[in-house]
Amino acid sequence: MNTLIIYDNAGYIISTMAGSIREPQGGVQFLWVEIPEGKQLKVTDGIGVDVSVTPNIPILENIPKSSEKVIEIRMSNVEDAVNAIMTI
């Protein structure tokens, strides 16, 4: 889904919205961004848009794995290890 990011000259995010939204008018800086699956907007001290490059781009980061997903991965690794030991 497209996300509208409204930001100032420093890259400080004023607002993010998704869906059917009217674009800002009158010189307000904004980006329409398709945030890939598994990514999220990285905001550090309110800054979430890299304004040092032209065109400006959003700063994205990987979404951290949930504790349930980490446990699932660990259990799978343990199962693989046990299966490997049993076949020796």
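We use all heavy atoms of the structure for the numbers below, so side chains are in, but hydrogens, waters and symmetry mates are not.
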* Asked: Do V51 and L60 sit in the same hydrophobic cluster, where Ile, Leu, Val, Met, Phe, Trp and Tyr count as joined when their side-chain heavy atoms come under 4.5 Å apart?
  -> yes
* I57 reachable from L4 in the ILVMFWY side-chain graph, under 4.5 Å edges -> no
Listed pairs under 3.5 Å, donor-acceptor, residues 35-48 side chains, sequence neighbours left out:
{"unit_1": "K39", "atom_1": "NZ", "unit_2": "N62", "atom_2": "OD1", "d": "2.9"}
{"unit_1": "Q40", "atom_1": "NE2", "unit_2": "E61", "atom_2": "OE2", "d": "2.9"}

Identify all side-chain donor-acceptor contacts of residues 5-18 below 3.5 Å with residues at least two apart in sequence or on another chain.
{"unit_1": "Y7", "atom_1": "OH", "unit_2": "N56", "atom_2": "OD1", "d": "2.9"}
{"unit_1": "D8", "atom_1": "OD1", "unit_2": "A10", "atom_2": "N", "d": "3.0"}
{"unit_1": "D8", "atom_1": "OD1", "unit_2": "G11", "atom_2": "N", "d": "3.2"}
{"unit_1": "D8", "atom_1": "OD1", "unit_2": "Y12", "atom_2": "N", "d": "2.9"}
{"unit_1": "N9", "atom_1": "OD1", "unit_2": "Q29", "atom_2": "NE2", "d": "2.6"}

* Taking only residues at least two apart or on different chains, which pairs with a member in residues 75-88 satisfy side-chain hydrogen bond (donor to acceptor under 3.5 Å, both in side chains)? -> none
* Asked: Same cluster for V53 and L31 if Ile/Leu/Val/Met/Phe/Trp/Tyr side chains link at under 4.5 Å?
  -> no
